[in-house]
Trainee: 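Submitted below is the structure of interest, expressed as structure tokens.
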Amino acid sequence: MSTLTPQAVVDILARALPGAKPPVALHQPEFAGAEWEYVKDCLDTGWVSSVGAYVDRFERMLAEACGIGHAVAVVNGTAALHVALKLAGVGPGDEVIVPALTFVATANAVALCGAIPHFAECDEANFGLDARLLDSYLAEVGERDGALLRNRRTGRRIAAIMPVHIFGHPADINALGEVAAGYGLALVEDAAEALGSSWRGRPCGSFGLVSALSFNGNKIATTGGGGAILTDDPKLAARAKHLTTTAKLPHRWEFVHDEAAFNYRLPNLNAALGCAQIELLAKTVERKRAIAEAYRRAFADLPDARLAVEPDGAHSNYWLNALVLAPEAAHLHEAILEATNDAGYQTRPAWRPLHLLAMYRDCPRMDLTVTESLARRVINLPSSAMLAECLA
Ligand SMILES: *Cc1c(COP(=O)(O)O)cnc(C)c1O
């Protein structure tokens with residue numbers, strides 16, 4: 001058995017990916033399908049902007065991929081989350097439960113609504129919100145006020161819970177849904193990293209009253225930049241479309257708008273790229289899973305570190321593989337990041353926990369011991385789909 005050293009991690013990466021010549025990126029997009037054809041079609045026909053057949057087609061493909069009634073394509077994942085929260089009734093002065101260990105966009109979307117992120121603790125195994133801890137925390141901090149739940153410390157309404165499927169691994173979503181239902185809170189799902197993942201056979205993105213996807217360049221499928229709002233409720237879907245298209249009333253030539261709204265609509269050009277990406281999604285997920293399996297085997301004998309694997313009952317898209325150091329090995333975190341990046345394997349730590357960022361420092365939060373510990377121990381490994389062709 002080897003010992004955990006920065007060089008041991010470099011050696012294992014090199015052995016797991018014999019066909020990959022450094023520099024190896026953390027996550028690269030891939031255009032191996034009809035991307036060129038569909039984008040050229042937009043240019044040839046002049047349909048490049050916010051109206052066009054690819055937008056409708058992209059939305060239908062997403063709804064099908066996520067097993068849900070409606071998808072509304074928007075300019076990015078943050079915009080999707082912003083509108084999702086509005087649709088769920090989140091407004092100025094409300095608090096929304098979000099994990100502290102997530103990409104900053106999750107909390108930014110709350111702030112864009114004039115609401116306040118309320119940071120909750122994550123689970124060591126799946127990185128998502130810890131449902132059991134959240135339940136007992138809400139019992140302690142929450143106070144019923146008619147149908148509302150108030151934070152007894154701030155007096156503000158707690159309006160929603162926003163779970164995130166971190167690195168593509170499904171959070172404990174049914175238990176979190178039960179916590180939300182138990183306290184009368186809306187469940188808004190940040191599925192930005194989890195397109196193609198499912199939990200007990202049900203796709204991520206289909207659990208929230210409203211859910212959100214991202215198609216940023218580093219996600220499992222990309223439109224350059226893009227996002228989508230998902231919901232089963234036809235009224236919410238219609239409202240999503242209205243709010244994201246300047247609230248224009250349908251008319252052949254008149255420009256009449258009935259509220260101050262957003263220009264969040266995804267251009268046809270981007271949707272064309274997205275259609276080609278979704279056509280290959282199932283194959284991409286399979287390849288990502290093969291990479292994860294190769295890493296799992298390669299790191300199996302390394303002490304004081306584990307490779308993150310999908311939770312029981314989950315089928316993960318393994319968007320970003322994560323090596324998790326044991327607490328005793330946390331002091332090696334920086335040195336491993338340095339050695340791997342020096343060797344041309346792009347790795348990175350998890351995000352700085354959001355309650356430690358300047359603008360969110362004073363937000364309400366529960367005890368975040370696990371979050372802070374994980375942030376010092378997670379190392380994301382190169383996970384581009386094309387690495388499936390470089391495995392041992
Ligand atoms: C990528 C991402 C987003 C936002 O996506 P953008 O398209 O970059 O705005 C939101 N939440 C999480 C967890 C993400 O990873």
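Note that ligands are numbered from 1 as they come in the structure, with each ligand's atoms numbered from 1 the same way. Atoms considered below: every heavy atom in the structure, side chains included; atoms not considered: hydrogens, waters and symmetry mates. The chain is numbered in sequence order, starting from 1.
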Trainee: With respect to Trp351, determine whether any N or O atom, backbone or side chain, lies less than 3.5 Å from an N or O atom of ligand 1.
Mentor: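 No, no N or O pair falls under 3.5 Å.
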Trainee: Give the atom numbers and elements of ligand 1 that come within less than 4.0 Å of a heavy atom of Gly226.
Mentor: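 Taking each heavy atom of Gly226 in turn, ligand 1 has 7 (O) under 4.0 Å.
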Trainee: Any nitrogen or oxygen of Thr102 lying under 3.5 Å from a nitrogen or oxygen in ligand 1? Just yes or no.
Mentor: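 There is no such contact.
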Trainee: Between the side chains of Asp11 and Gln7, does any donor sit under 3.5 Å from an acceptor?
Mentor: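 Side-chain D/A pair, Asp11 to Gln7: present.
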Trainee: Please determine whether any non-hydrogen atom of Ala212 lies less than 4.0 Å from an atom of ligand 1.
Mentor: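 No heavy atom of Ala212 comes that close to ligand 1.
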Trainee: Could you tell me whether Phe58 and Phe215 have their ring centroids closer than 6.0 angstrom?
Mentor: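 Between Phe215 and Phe58, which both carry aromatic rings, the centre distance is below 6.0 Å.
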Trainee: Please report the interatomic distance CD(Glu124) to CG(Leu374), rounded to the nearest 0.5 Å.
Mentor: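 These two atoms lie 4.5 Å from each other.
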Trainee: So which heavy atom in the protein is nearest atom 5 (O) of ligand 1, and how far is it from that ligand atom?
Mentor: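 Result: Ser214 OG, 3.2 Å.
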Trainee: Below 3.5 Å, N or O to N or O, backbone or side chain included: is there any such pair between Trp319 and ligand 1?
Mentor: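 N/O-N/O distance below 3.5 Å does not exist for this pair.
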Trainee: Does a donor on one side chain sit under 3.5 Å from an acceptor on the other, for Ser316 and His169?
Mentor: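 Yes - a donor-acceptor pair under 3.5 Å links their side chains.
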Trainee: Mind checking whether Asp190 contacts ligand 1 via backbone (N, CA, C, O), side chain (CB onward), both or neither, at a 4.0 Å heavy-atom cut-off?
Mentor: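 Asp190 to ligand 1: side-chain contact only, backbone stays beyond 4.0 Å.
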Trainee: State the atoms of ligand 1, each with its element, that fall below the 4.0 Å cut-off from a heavy-atom position in Thr78.
Mentor: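 Taking each heavy atom of Thr78 in turn, ligand 1 has 4 (C), 5 (O), 6 (P), 9 (O) under 4.0 Å.
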Trainee: For atom 13 (C) of ligand 1, grab the closest protein heavy atom and report residue, atom and distance to one decimal in Å.
Mentor: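 Protein heavy atom with the smallest distance to atom 13 (C) of ligand 1: Glu193 OE2, 3.3 Å.
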Trainee: Please state which part of Val164 comes within less than 4.0 Å of ligand 1, counting heavy atoms only: side chain, backbone, both or neither.
Mentor: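 Side chain only.
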Trainee: Quiz question: by atom type and distance under 3.5 Å, do the side chains of Asn341 and Thr347 form a donor-acceptor pair?
Mentor: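 Note: Asn341 and Thr347 side chains meet the donor-acceptor criterion.
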Trainee: Does a donor on one side chain and an acceptor on the other come within less than 3.5 Å for Tyr360 and Asn108?
Mentor: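 Indeed, the side chains of Tyr360 and Asn108 share at least one donor-acceptor pair under 3.5 Å.
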Trainee: Ignoring hydrogens and geometry beyond distance, is a side-chain donor-acceptor pair present between Thr246 and Asn263 at under 3.5 Å?
Mentor: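 No pair is found: no donor N or O on one side chain lies under 3.5 Å from an acceptor on the other.
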Trainee: For Asp367 and Thr369, test the side chains for any donor-to-acceptor distance below 3.5 angstrom and give the result as yes or no.
Mentor: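 Indeed, the side chains of Asp367 and Thr369 share at least one donor-acceptor pair under 3.5 Å.
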Trainee: Within the 4.0 Å heavy-atom shell around Leu81, which atoms of ligand 1 are there?
Mentor: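 Matching atoms, with element in brackets: 10 (C).
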Trainee: Check for me whether Arg296 meets the cation-pi criterion with Tyr318, that is, NZ or CZ under 6.0 Å from the six-membered ring centre and within 45 degrees of the ring axis.
Mentor: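 Not flagged: Arg296 not positioned over aromatic ring of Tyr318.
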Trainee: So if I count the atoms of ligand 1 from 1 in the order they appear, which ones are less than 4.0 Å from some heavy atom of Ala192?
Mentor: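 Those atoms are 2 (C), 3 (C), 10 (C), 11 (N), 12 (C), 14 (C).
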Trainee: Can you find an N or O of Gly77 that's nearer than 3.5 Å to an N or O of ligand 1?
Mentor: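 Yes - when backbone and side-chain N and O of Gly77 are compared with those of ligand 1, one distance drops under 3.5 Å.
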Trainee: For ligand 1, which atoms, with element, lie under 4.0 Å from some heavy atom of Asn76?
Mentor: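 What qualifies from ligand 1 is 7 (O), 9 (O).
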Trainee: Just wondering, do Gln346 and His27 contact through their side chains at under 4.5 Å, heavy atoms?
Mentor: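 They are not in contact (no side-chain heavy atoms under 4.5 Å apart), so the answer is no.
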Trainee: Can you find a pair of side-chain heavy atoms, one from Leu4 and one from Val9, that are under 4.5 Å apart?
Mentor: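 The answer is yes, as the side chains (C-beta and beyond) meet within the 4.5 Å cut-off.
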Trainee: Provide the number and element of each atom of ligand 1 under 4.0 Å from a heavy atom of Ala105.
Mentor: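 In order of number, 3 (C), 4 (C), 10 (C).
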Trainee: For atom 1 (C) of ligand 1, find the nearest protein heavy atom and state the residue, atom name and distance (0.1 Å precision).
Mentor: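 It is Lys219 NZ, 1.6 Å.
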Trainee: Mark the output for Asn218 as yes if a heavy-atom distance to ligand 1 is under 4.0 Å, and as no if none is.
Mentor: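 Outside the 4.0 Å threshold, so no.
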